Amino acid sequence: MNSGGSRRPYRSRNGILLGVCKGLANYLGTSAFVVRMIFILGMLFTGLWPLVGLYFLAALLMKPEPALPPADMHEQELYDLYTRDPARATSSLRERYERVDGRIRRIEDLVTSRSAREADWDRRLRRG
């Protein structure tokens with residue numbers, strides 16, 4: 001997703017096995033090859049199971065990277081909220097939608113009110 005310095009490590013959506021190494025490489029700003037080589041060398045020198053266990057634990061704990069990179073901090077906060085608590089995120093979106101919908105209805109009421117229509121006709125008659 002980001003090359004070098006994303007805010008937090010995410011599992012890459014196009015990694016080889018669960019995307020942990022590629023996600024860490026993106027977070028650290030290095031190539032996935034380097035991270036994979038360090039992982040393989042670590043497995044060779046420490047034994048297979050400790051690092052494999054850590055790898056799968058990291059895969060469980062790391063969130064998958066967003067399908068589209070967030071455009072700004074608000075989108076990043078919404079994505080983080082959604083990955084932590086989807087119900088709260090959807091209720092937050094619903095509240096935002098209802099506020100925008102209410103504003104649009106008030107604008108429509110103002111534009112389509114009788115006084116607005118009369119002012120429009122009065123303006124048209126004076127012009128023409």
Side-chain angles (χ1 to χ4, degrees):
M1 185 177 98
N2 291 345
S3 58
S6 68
R7 235 179 79 194
R8 68 171 34 114
Y10 291 110
R11 282 187 298 122
S12 176
R13 290 185 179 273
N14 55 2
I16 292 176
L17 178 64
L18 299 174
V20 173
C21 287
K22 189 164 185 179
L24 286 174
N26 287 342
Y27 178 71
L28 297 172
T30 185
S31 83
F33 178 78
V34 171
V35 175
R36 289 179 184 131
M37 285 298 110
I38 291 171
F39 178 76
I40 290 171
L41 289 173
M43 276 193 335
L44 291 174
F45 291 119
T46 64
L48 180 70
W49 297 114
L51 278 181
V52 170
L54 285 174
Y55 185 89
F56 284 110
L57 182 64
L60 288 173
L61 295 177
M62 291 170 69
K63 299 172 188 171
E65 72 180 342
L68 296 174
D72 56 16
M73 287 302 295
H74 296 294
E75 286 185 13
Q76 180 68 44
E77 289 170 2
L78 180 62
Y79 179 75
D80 291 341
L81 176 63
Y82 179 76
T83 55
R84 277 193 316 271
D85 188 2
R88 199 167 120 207
T90 53
S91 72
S92 172
L93 283 175
R94 186 176 298 116
E95 289 172 6
R96 287 182 188 180
Y97 169 76
E98 288 171 357
R99 282 196 309 263
V100 168
D101 188 50
R103 291 174 66 188
I104 290 172
R105 286 176 191 229
R106 286 192 302 273
I107 291 170
E108 286 175 346
D109 289 344
L110 178 67
V111 169
T112 59
S113 70
R114 183 178 175 109
S115 60
R117 285 193 312 259
E118 288 173 356
D120 186 46
W121 279 108
D122 193 27
R123 190 187 74 230
R124 286 182 182 180
L125 288 174
R126 287 184 183 164
R127 225 186 326 159

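These figures come from a predicted structure and were not determined experimentally.
- The 12-atom threshold is exceeded at CZ of Arg13, counting heavy atoms of other residues, nucleotides or ligands nearer than 6.0 Å.
- The shortest heavy-atom contact between Arg36 and Gly15 is NH2-CA, 4.4 Å.
- Separation of atoms CD (Glu65) and OH (Tyr79) is listed at 8.0 Å; rounding is to 0.5 Å.
- The shortest side-chain heavy-atom distance between Phe33 and Met37 falls under the 4.5 Å cut-off.
- A pairwise comparison of heavy atoms in Tyr55 and Cys21 identifies CE1-SG, 3.8 Å as the closest pair.
- Phe56 is not listed as a side-chain neighbour of Leu60, based on a closest heavy-atom distance of 4.5 Å or more.
- Counting non-hydrogen atoms of neighbouring residues, nucleotides and ligands closer than 6.0 angstrom, the CZ atom of Phe39 exceeds 12 such neighbours.
- If you chain together hydrophobic residues whose side chains sit under 4.5 Å apart, Val20 and Trp49 fall into the same group.
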**Prompt:** Is there a side-chain contact (heavy atoms from CB on, under 4.5 Å) between Lys22 and Ile16 once you walk through the steps?
**Reply:** CA-CA 8 Å; Lys22 189 164 185 179; Ile16 292 176; over 6 Å; no

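- Between Leu61 atom CG and Leu54 atom CG the span is 10.0 Å, to the nearest 0.5 Å.
- Residue Leu93 qualifies as enclosed at atom CG: its count of foreign heavy atoms under 6.0 Å is above 12.
- In summary, Arg105 and Asp101 engage in a salt bridge, as defined by a charged side-chain N under 4.0 Å from a carboxylate O.
- Between the side chains of Gln76 and Asp80, at least one donor-acceptor pair of N or O atoms lies under 3.5 Å.
- How far CZ of Arg96 is from CG of Leu78: 6.0 Å, rounded to the nearest 0.5 Å.
- Panel note: side chain Arg11, backbone Gly23; no donor-acceptor pair is recorded below 3.5 Å.
- Residues Ser92 and Leu81 share a closest heavy-atom pair of CB-CD2, 4.5 Å.
- Under the 4.5 Å side-chain heavy-atom criterion for ILVMFWY residues, a single connected hydrophobic cluster contains both Val52 and Val35.
- In plain terms, the two heavy atoms of Gly42 and Leu51 that are nearest each other are C-CD1, 3.1 Å.
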